[in-house]
Amino acid sequence: MIDYIHLLNEEQRAAVTAAPGPILVVAGAGSGKTRALTYRVAYLLDNGVDPSRIFLATFTNKAARQMLERVSRLIPHGTEAIWGGTFHHLAHRLLRRHASLVGYDPSFTILDRSDSAELLSDCYEEMKLSRSELHFPRREGALEIFGLAANREVPLEALIAEEFPHFAEQTDRLVELADLYRKRKRKASAVDYDDLLSETVRLLREQPQLREEYQDRFHHILVDEYQDTSRLQADFVHLLASGHRQIMAVGDDAQSIYSWRGADIRNMLTFPERYPGSRLLYLRANYRSTPEILSLANAAIAANRFQFPKELAPVRESHRLKPAVVSCPTANAQASFVASQLQELWREGIPWEEIAVLYRAHFHALEIQLELTRSRIPFEITSGLRFFEQAHLKDVAAFLRLAVNPHDSVAFARVVRMFPGVGEKTADRLWEEFSRKADLGSIVPPKSCAAAWKEWASLQKEIASPELRRAPAAQIEKVIDAFYRSYVESQHADAAHRLEDLSQLVSFAAEFPDTESLLGQLTLLTNTDRSQSREGVHLSTIHQAKGLEWRVVFVIMLADGLFPSGRSTESLLGEEEERRLFYVATTRARDRLFLVYPRYRASHYGENSLRPSRFLAEIPRELYSDLRASRG
DNA sequence: ACGCCCTTGTTTTTT
DNA sequence: ACAAGGGCGT
Ligand SMILES: Nc1ncnc2c1ncn2[C@@H]1O[C@H](COP(=O)(O)OP(=O)(O)OP(=O)(O)O)[C@@H](O)[C@H]1O
């Protein structure tokens with residue numbers, strides 16, 4: 001039996017044990033939203049719900065894994081049958097199963113951001129658009145616009161008119177580009193991140209029978225971090241929940257920080273309209289932070305005009321230690337201040353992994369990284385580049401992609417361009433020939449790589465065999481042995497390091513039953529998902545720290561122009577989102593919080609002298625103590 | 001096809 | 001200041 005009385009407070013218990021019906025839990029940071037959702041799952045199982053009928057959407061795959069691990073400690077059977085993960089992950093599972101109903105080959109490829117950009121390049125070329133065309137977005141910009149349109153479920157024309165008026169003149173050509181891009185994806189039997197959601201939504205909309213089948217199957221829908229879902233994601237969930245209305249969503253409007261990716265807080269505001277008769281529940285007690293930290297966070301977010309005013313009172317005893325605001329002469333001094341504090345904390349007995357350094361943008365971590373390396377403080381950084389986005393991993397994956405999906409033009413180009421004497425033109429020609437003949441062996445390659453080509457043809461044939469498609473680890477080993485090892489050794493000085501990453505990939509791949517599921521997982525792996533070796537101080541962007549907590553948190557680079565970022569402050573909405581980001585950052589801390597800024601940063605471009613962040617000025621003076629760090 | 005040099009934008013955040 | 005991407009010559 002689970003001891004709900006001692007593990008949860010009354011408000012949390014109300015959510016956990018709520019009677020059937022739609023429920024929205026609105027609560028501030030550290031109030032136990034995730035905890036309540038976890039116990040809700042346990043409660044359902046405890047009451048005899050079949051685990052395979054639970055659908056749990058979380059912000060990262062790791063969050064789902066952790067929640068389900070906790071559940072399985074409470075209720076030791078059957079949690080594997082629960083469908084849990086990110087929206088993309090869950091949509092992928094559905095789409096893979098029923099791809100043919102929306103006109104895709106079941107072996108379709110998932111394009112990551114750079115694959116999408118690659119395919120889009122071909123479209124620019126076909127439309128004879130120069131990549132630096134005046135008043136026309138370049139690849140990344142175009143992808144962002146397409147993604148926003150998909151997630152908001154608005155026509156491209158309307159989005160451009162409303163949000164990108166500077167491209168209004170080019171609307172027709174942008175629509176044409178989007179259309180071409182869509183056709184190319186189709187031809188390649190490939191979907192991008194947005195298609196994963198929108199095609200699954202289309203699937204459920206167009207196939208009433210299938211929809212009912214899944215509505216019936218997933219009788220309990222739970223959504224974490226609801227404030228950062230897009231309209232498309234909310235519609236996806238709604239398609240599953242609209243019949244039985246067994247949906248529980250939890251969120252905090254003050255922590256909505258992904259609007260630039262299409263997240264829309266209106267999902268929370270209109271929940272009661274979408275689900276008439278739904279109950280709104282509140283959690284008002286913060287368990288995470290000391291009262292001192294919480295007062296500061298509450299004061300910081302108070303400056304936002306657009307928000308639900310919420311109560312949030314501390315449960316914990318006063319610590320008598322206020323958060324510190326630390327002024328440093330330079331970014332280097334900031335780094336050495338942080339390093340010396342880290343050592344101090346370590347001497348006090350706080351393990352490295354209980355400490356985090358958080359910042360607005362990846363490049364803000366530069367000086368800290370150097371300093372921590374220099375002073376031999378172990379750290380773990382969640383970088384912008386994901387493990388699988390590294391060139392050598394994508395190189396090897398391209399062979400597997402082609403083995404399961406011979407229409408994947410992006411993967412084909414990636415492979416053939418590794419051959420000596422093959423550039424853009426030849427790659428195009430070879431692809432043209434391959435798509436006609438569907439047989440590598442009968443293609444005439446350039447003389448410079450005739451021998452290698454022959455070997456590749458037989459390698460590719462081998463790894464495309466049904467047996468090897470059920471053994472992705474063996475596939476990868478074959479690719480490395482037959483081709484990639486010698487290639488990478490001839491091309492890169494750090495070949496050993498790259499091969500090491502690849503052997504990691506082999507062991508990762510061993511867990512998967514077939515190539516499709518391996519490739520799907522790899523592209524949908526989030527950055528936080530992989531940080532399994534939790535050793536050392538955590539360095540992370542605030543976005544990636546969402547939902548996490550540490551005993552001690554340093555928020556660095558709190559200078560105007562850096563945090564809030566220079567671009568965001570042009571609009572009130574932008575500034576408010578930055579402030580929410582600041583709220584998220586401060587509320588990650590349990591015991592101690594340091595807010596640090598440099599007064600000067602040697603940047604080679606733009607202003608060097610920095611003002612403290614406006615967010616610091618908004619905090620009443622009595623809520624923190626001032627510190628002045630000297631030159632490191 | 002590939003290397004060299006010059007131009008350009010880059011630093012917001014990510015599934 | 002510096003990397004990436006395009007233009008140009010080989
Ligand atoms: N009833 C409780 N008793 C003891 N500890 C609790 C209780 N509720 C929550 N906590 C603890 O408080 C901390 C915050 O909980 P949780 O992460 O679930 O909050 P949250 O509302 O999801 O936070 P955020 O929105 O800031 O990410 C966790 O360490 C959790 O274990």
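Lettering of chains follows the sequences in order, A, B, ..., and the numbering in each one begins at 1.
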K.L.:
Rounded to whole angstroms, how far apart are CD1 on Ile257(A) and P on dT14(B)?
P.N.:
9 Å
K.L.:
Going by distance alone, is a donor N or O of one side chain under 3.5 Å from an acceptor N or O of the other, for Asn267(A) and Thr229(A)?
P.N.:
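A pair is found: one side chain offers a donor N or O, the other an acceptor, under 3.5 Å apart.
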K.L.:
Please find the pair of heavy atoms, one from Ile145(A) and one from Leu159(A), that lie closest to each other, and give the distance.
P.N.:
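Scanning both residues, the minimum pair turns out to be O-CD2, 3.4 Å.
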K.L.:
Rounded to whole angstrom units, what separation is found between the NZ atom of Lys425(A) and the P atom of dC2(B)?
P.N.:
14 Å
K.L.:
Mind calculating the distance between CG (Leu525(A)) and P (dT15(B)) to the nearest angstrom?
P.N.:
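My rounded result for the distance is 9 Å.
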K.L.:
For Gly566(A) and Thr523(A), find the nucleotide of DNA chain B closest to each by heavy atoms; which residue's nucleotide sits nearer the 5' end?
P.N.:
Gly566(A)
K.L.:
On the side chain of Arg113(A), is there an atom forming a donor-acceptor pair with the base of dT14(B) - under 3.5 Å, no angle test?
P.N.:
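No.
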K.L.:
What is the distance, to the nearest angstrom, from the CZ atom on Arg138(A) to the P atom on dG6(C)?
P.N.:
10 Å
K.L.:
Would you tell me if any nitrogen or oxygen in the side chain of Arg386(A) comes within less than 4.0 Å of OP1 or OP2 on dT15(B)?
P.N.:
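Indeed, a polar side-chain atom of Arg386(A) lies that close.
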K.L.:
Please determine if a side-chain N or O atom of His88(A) lies less than 4.0 Å away from the OP1 or OP2 oxygen of dT14(B).
P.N.:
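No, because none of the side-chain N or O atoms of His88(A) sits under 4.0 Å from OP1 or OP2 of dT14(B).
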K.L.:
To the nearest Å, how far apart are Glu225(A) CD and dT15(B) C1'?
P.N.:
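It works out to 14 Å between those atoms.
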K.L.:
Students often get this wrong, so: under 4.0 angstrom with heavy atoms, is Phe59(A) touching a base, only sugar-phosphate, or nothing?
P.N.:
nothing
K.L.:
Between atom CG in Leu524(A) and atom P in dT15(B), what is the gap in whole Å?
P.N.:
10 Å
K.L.:
Base, sugar-phosphate or nothing for Gln544(A)? Non-hydrogen atoms, less than 4.0 Å.
P.N.:
sugar-phosphate
K.L.:
Measuring to OP1 and OP2 of dT14(B), would you say a side-chain N or O of Thr541(A) lies under 4.0 angstrom away?
P.N.:
yes
K.L.:
Do we see Trp260(A) stacking on the base of dT13(B), given a limit of 5.5 Å between centres and 30° between planes?
P.N.:
yes
K.L.:
Measuring from atom CG of Asn151(A) to atom CG of Asp264(A), what distance do you get when rounded to the nearest 0.5 angstrom?
P.N.:
10.5 Å
K.L.:
Identify whether NZ of Lys or CZ of Arg in Arg429(A) sits under 6.0 Å from the centre of the six-membered ring of Phe434(A) and within 45° of that ring's axis.
P.N.:
no
K.L.:
Going by distance alone, is a donor N or O of one side chain under 3.5 Å from an acceptor N or O of the other, for Glu367(A) and Gln369(A)?
P.N.:
no
K.L.:
Measure from CZ on Arg567(A) to C1' on dT13(B) and round the result to the nearest Å.
P.N.:
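Spelled out: CZ on Arg567(A) to C1' on dT13(B) is 11 Å.
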K.L.:
How many Å lie between OH on Tyr193(A) and C1' on dT14(B), as a whole number?
P.N.:
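So the two atoms are 8 Å apart, to the nearest Å.
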K.L.:
Between dC2(C) and dT13(B), how far is it from one C1' atom to the other, in whole Å?
P.N.:
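Rounded to whole Å, the distance is 23 Å.
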K.L.:
Base, sugar-phosphate alone, or nothing: which one does Thr426(A) contact when heavy atoms must sit under 4.0 Å apart?
P.N.:
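Sugar-phosphate contact only - Thr426(A) comes under 4.0 Å of backbone atoms but never of a base.
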K.L.:
Any base atoms under 4.0 Å from His89(A), or only sugar-phosphate, or nothing? Heavy atoms, all strands.
P.N.:
nothing
